[in-house]
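Atoms within a ligand are numbered from 1 in the order they appear, just like the ligands themselves.
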Amino acid sequence: MAPSFLILLLLHYLHAFASSQRVNQTESLLKWKANLHYKSQTALSSWVGDNPCSWDGITCDKAGSITNLNLSSNGLKGTLHSLDFLAFPTLMELRLPNNSLYGTIPSSIGRLSQLRVLYLDFNDFLGNIPSEIGLLRSLSLLSLYGNQLNGSIPKEIGILGSLKEVDLSNNNLSGQIPSSIGNLKNLSIFDLSINKFFGLIPQEVGMLRSLSELDLSSNNLSGPIPTSIRNLKNLSLLHLFQNKLSGSIPQEVGMLRSLSELDLSSNNLSVAGTFGYIAPELAYTMEVNEKCDVYSFGVVTMEILMGRHPSDLISALLSQLAPLPSSTPPNWRQMLIKDLIDQRLLVPTGETTVHVASTVRLALVCLQANPQYRPTMRQVSQALTSERPPLPKPFSMVTLEDLVGQDL
Ligand SMILES: *[C@@H]1O[C@H](CO)[C@@H](O)[C@H](O)[C@H]1NC(C)=O
Ligand SMILES: *[C@@H]1O[C@H](CO)[C@@H](O)[C@H](O)[C@H]1NC(C)=O
Ligand SMILES: *[C@@H]1O[C@H](CO)[C@@H](O)[C@H](O)[C@H]1NC(C)=O
Ligand SMILES: *[C@@H]1O[C@H](CO)[C@@H](O)[C@H](O)[C@H]1NC(C)=O
Ligand SMILES: *[C@@H]1O[C@H](CO)[C@@H](O)[C@H](O)[C@H]1NC(C)=O
Ligand SMILES: *[C@@H]1O[C@H](CO)[C@@H](O)[C@H](O)[C@H]1NC(C)=O
Ligand SMILES: *[C@@H]1O[C@H](CO)[C@@H](O)[C@H](O)[C@H]1NC(C)=O
Ligand SMILES: *[C@@H]1O[C@H](CO)[C@@H](O)[C@H](O)[C@H]1NC(C)=O
Ligand SMILES: *[C@@H]1O[C@H](CO)[C@@H](O)[C@H](O)[C@H]1NC(C)=O
């Protein structure tokens, strides 16, 4: 008798232990509701009884276990600390954006082992992002923007290989961007804008092959733009403005073919002489389009004619809205074409002079700072194949200024 009684007793204790571990999801939600501010409780008026699967904002699986909690824009005021996350082992989506939730993000959030979506944006959360976020191995979308979170990004974020979108913008986060982000191979949107991050942009950012949007603007980042950025073949948006980045803009930026929005302004990046063949507007918000190729064509054409990179001519033309406008320094306006072209070559004669002059004219038009005024590539090729206008005066006397009045 005695042994079987002991076994029964043991089973009883085990059972009691197990059920005390299995926190009741209904009770957990009702307790949270009771701890929210009074007005928030009226917003959750459907939250009564013992079947949470029928309550507003809640979705369950077939077994009656909660999978989604979505209370966007419900005016909820209170903290998350009375919400026992142990009660939701099957929760996949937690969406609480645009409320007035405050206090810290509880570290117990790491118990939501099935979580894929965590939206806490546009609330009043403060304090650190708990490192327990690293326990959310299935997390794909993480949005915490528009809170008052501070401290640094936990390096554990690098464990979350399923992450596709991370938006931590508009907080008070600081510290360095952890190099562990290099592990996030599926990351497509990464937004850390309007925070206080400092230090270097880690080279590991170049490992994020799926990245399509990278926004690190309005921080305190310093040092160069990492050259590894050339690996981001899918990048369509790159915002690095309002930081303390220095050095020259790497040519690699010009190689990003998917890029449609780029803003590197308000940094300490050097443009003149380093831009090489890239249109100047690439340093500001703009569309990378055919007009950039036209600009590059202008640089290459001028380089061939002059026998050297036309960086000094370009800086004389920069920020001007017309080919050779009146503000261009007189030494450039009155520059003789014969002095501009490569002095190692024979002085052109006869029909060649017409070709040289019109090609200089064409390159100038392509080099205009305002992309709107540049010709299209089609117009360029038409100009190259059509009849050239005769020179207004003998070749040895033609200046840049003389060419500007001419048609292409
Ligand atoms: C959870 O708590 C509710 C309300 O107290 C109760 O009706 C329900 O039976 C409990 N469910 C379980 C599985 O214990
Ligand atoms: C979440 O709730 C809001 C407001 O009720 C609704 O507009 C939105 O579509 C819901 N989102 C999801 C993913 O269920
Ligand atoms: C945020 O919630 C308020 C109501 O609390 C609503 O009026 C507003 O449109 C919401 N904003 C967004 C961006 O959803
Ligand atoms: C973060 O904010 C909390 C609460 O506002 C404050 O106590 C803490 O000192 C801050 N930490 C840092 C690193 O700024
Ligand atoms: C990354 O995305 C691919 C394609 O969507 C998916 O097959 C893979 O499992 C994802 N990797 C991780 C670690 O989630
Ligand atoms: C952000 O942090 C700074 C200190 O780094 C502090 O002075 C400021 O009050 C914080 N702002 C908010 C909105 O928490
Ligand atoms: C590149 O971006 C497009 C959409 O912007 C997406 O469909 C595609 O899957 C991305 N490729 C990679 C390798 O992430
Ligand atoms: C930005 O960093 C510089 C040092 O590089 C530091 O002196 C300055 O206080 C920082 N500014 C902010 C707003 O954190
Ligand atoms: C900008 O960079 C130049 C050198 O490239 C340096 O001399 C200057 O001090 C920097 N300015 C600021 C505000 O950091």
Practice item. Could you list the atoms of ligand 5 found under 4.0 angstrom from a heavy atom of Asn186? Key: 1 (C), 2 (O), 3 (C), 8 (C), 10 (C), 11 (N), 12 (C), 14 (O)
Check your understanding: Any idea which atoms of ligand 5 are less than 4.0 Å away from a heavy-atom of Gly161?
Key -> 12 (C), 13 (C), 14 (O)
Check your understanding: Can you list every disulfide bond (SG atoms under 2.5 Å apart) pair that touches residues 117-168, not counting sequence neighbours?
Key ->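 Residue pairs passing disulfide bond (SG atoms under 2.5 Å apart), neighbours aside: none found.
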Check your understanding: Hey, is atom 4 (C) of ligand 5 touched by any protein heavy atom at less than 4.0 Å?
Key ->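 There is no protein heavy atom less than 4.0 Å from atom 4 (C) of ligand 5.
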**Study point:** Per-atom contact, atom 9 (O) of ligand 3, protein heavy atoms, under 4.0 angstrom
**Key:**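 No, because not a single protein heavy atom sits under 4.0 Å from atom 9 (O) of ligand 3.
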Does [X] [atom1] have over 12 foreign heavy atoms under 6.0 Å away?
{"X": "Arg111", "atom1": "CZ", "result": "no"}
{"X": "Lys185", "atom1": "NZ", "result": "yes"}
{"X": "Phe85", "atom1": "CZ", "result": "yes"}

Point to revise | Nearest non-hydrogen partners of His81 and Thr104, listed with the distance | key: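 For His81 versus Thr104, the nearest heavy atoms are NE2-OG1, 2.9 Å.
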Check your understanding: Can you tell me the protein heavy atom closest to atom 13 (C) of ligand 3 and the distance?
Key ->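 Protein heavy atom with the smallest distance to atom 13 (C) of ligand 3: Asn98 ND2, 4.3 Å.
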Review point. How far is atom 14 (O) of ligand 5 from its nearest protein heavy atom, and which residue and atom is that?
Key: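 The protein heavy atom lying closest is Ser162 OG, 3.1 Å.
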Practice item. Test Lys196 against Asn172 for side-chain hydrogen bond (donor to acceptor under 3.5 Å, both in side chains), laying out the working first. Key: CA-CA 6 Å; Lys196 296 209 169 73; Asn172 215 2; 2.5 Å; yes
Practice item. From atom 2 (O) of ligand 2, work out which of Leu96, Asn70, Thr59 has a heavy atom at the shortest distance. Key: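 Ranked by closest heavy atom to atom 2 (O) of ligand 2, first place is Asn70.
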